[in-house]
Amino acid sequence: MKRSWVNSPYSFSLGMFAMMVPSQAFSSFYIFFYVDTLGLGIGLASLARTVFLIWDAVNNPLMGYWSDRTKTRLGRRRPWVFGAIPLFMLTFVLVFSPPEGLTQNGLFMWFLVALILYEAVATVLWVNYGALFPELFRGDRIRAKASAIQQGYQVVALLIGTALTPIIYDAMGFSNMSILYALLFGVFMFLCMMSVQEQEVYSTSEPLRLVQAFRETLRNKKFWVFNISNSFAQTVNGLISSTIPFYAKYVLHIPDNQVSILLAAVFVSVIPLVFVWYWIIRRMDGVKAWRLSLAVYGLSVIPLWFGYDLISGILAGIGVGFGLAGFLVTPAMVSGNIIDEDAERTGLRREGIYTAVSGFITRSSGLISALAFFAVGIIFGYESGDNPGRDPESTFRYLISVVPLCLLAISFLLSYATKIEFSKTIGGGHDHGTKIDHQL
């Protein structure tokens, strides 16, 4: 493999593309598939989602701890990812391939088991891939560039996972769609991992024991404020993604063949906006840019309340795209500096445990999304596609605009709960390694 391709942000970002295509299709359509297409009751669906989120929150920290303690000739993270690739492909297909003729209870059990298996494997991938970013890219400047490139890849994946997915499942069904995306994931994730070269120096130190590792992480106030604040905004990402198909159907009243147009307009707009935020980041402190992105994201969801047709939905969606682009790019710099600061204090690089506990916090707040969906549905009488209730339009106006606005307001206020500042030397001004060339 060419030296310029090893640990390049472009090759590393293939992993983000690989994981986000199926992950976005999952987050945007799994509830719609089970509730509106298969007719699973919203109460059973919410119960399954709650169990799924609790399991997700619990297994994240353990995966991070195990990852940090791994020592192989391939590195700490790569063996986990290589092992998870075929399992992720299988479990993703299982989610969208329930047997025909299941009763409500049978459909619920399939849904629950498939979610638990899928989440277990997804955790292995996200923790280990996420832990590689601050290790491979050191210093604010290269992290900003790597993050912008990574999010550019992610936006393309979001576009495929949302806008193209309805076209694919209309043409070939949900099960065949999942097989297609699983194959795409396998190819690009393998290429990404083949281009990664971990640095042996980070695997030679004796890692902290479990209790001590968690104690050191839990006492980091900057980490907690940053991630709790971030988790409310991250919840909005999932809530908006899963609500858009309902919003298109019940609020905008557009046919299924126009849903892809709506989604494409939103996510295509995010691609150039990611680089607008990169320009903003280079002109201000990373923490200030992160807080600004939270404020902008909050304001951007307000126009969604006023959508009434395809055009108004597209215009409102482009506004959301600007806020989303900022939130996609800015957190990587703050989290990277937090991990660097911890490494200077402990003498150990513990990306795994930090990435995992961050995932724990984020996923735990996902319970808010599930509860909001359930509560708003109960208030307005929405149960399923077979029984949408007396006012499904109001149900999904509130879920896509009012609830996200409240969550982002909380996120913005929490970001000021402690002073988050870093020494200019944190993370260094250098790139990830003196022996690696990075083509930016």
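In what follows, every heavy atom counts, from backbone to side chain, and hydrogens, waters and symmetry copies are set aside.
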Using atom types as modelled and distance alone, determine if a side-chain donor or acceptor of Gln154 lies under 3.5 Å from a backbone N or O of Ser13. no
Paired with Phe185, the ring pair (Phe, Tyr, Trp, His ring centres under 6.0 Å) test is passed by just one of Phe190, Phe17, Phe88, Phe92, namely Phe88
Nearest heavy-atom contact between Val403 and Ala372 is CG1-CB, 4.0 Å
Sole residue of Tyr30, Phe32, Phe33 in ring pair (Phe, Tyr, Trp, His ring centres under 6.0 Å) with Phe174: Phe33
Search all heavy atoms of Ser300 against all heavy atoms of Val320 and return the closest pair with its distance. O-CG2, 3.3 Å
Would you say the rings of Tyr247 and Phe396 are close, in the sense that their centroids are separated by under 6.0 Å? no
How far does CG of Leu299 sit from CG of Leu294, to the nearest 0.5 angstrom? 11.0 Å
Whether the side chain of Arg397 engages the backbone of Gly307 through a donor-acceptor N/O pair (distance < 3.5 Å, no angle test) should be reported. yes
Phe412 backbone acceptor or donor facing Arg291 side chain under 3.5 Å: no
For a quick test of reading the model, state the closest non-hydrogen atom pair linking Asp309 to Leu252 and the distance between them. O-CD2, 3.5 Å
Which of these, Phe322, Phe327, Trp290, sits in a ring pair (Phe, Tyr, Trp, His ring centres under 6.0 Å) with Trp277? Phe322
Work out which heavy atom in Pro98 is nearest to a heavy atom in Leu38; give both atom names and the distance. CG-CD1, 3.8 Å
Is the shortest side-chain heavy-atom distance between Asp391 and Thr395 below 4.5 Å? no
Take Ser229 and Ser415, measure what side chain to side chain donor-acceptor pair (under 3.5 Å) needs, and give me the verdict at the end. CA-CA 6 Å; Ser229 173; Ser415 73; 4.8 Å; no
Ring centers of Tyr129, Phe12 separated by less than 6.0 Å: yes
Atom of Leu273, atom of Ile318 and distance for their closest heavy-atom approach: CD1-O, 4.3 Å
Hey, does the side chain of Gln104 reach the backbone of Gly41 with a donor-acceptor pair shorter than 3.5 angstrom? yes
Neighbour count above 12 (heavy atom, 6.0 Å) for Tyr398 OH: no
Would you please test Ser178 and Tyr169 for side chain to side chain donor-acceptor pair (under 3.5 Å) and show each step? CA-CA 9 Å; Ser178 66; Tyr169 70 63; over 6 Å; no
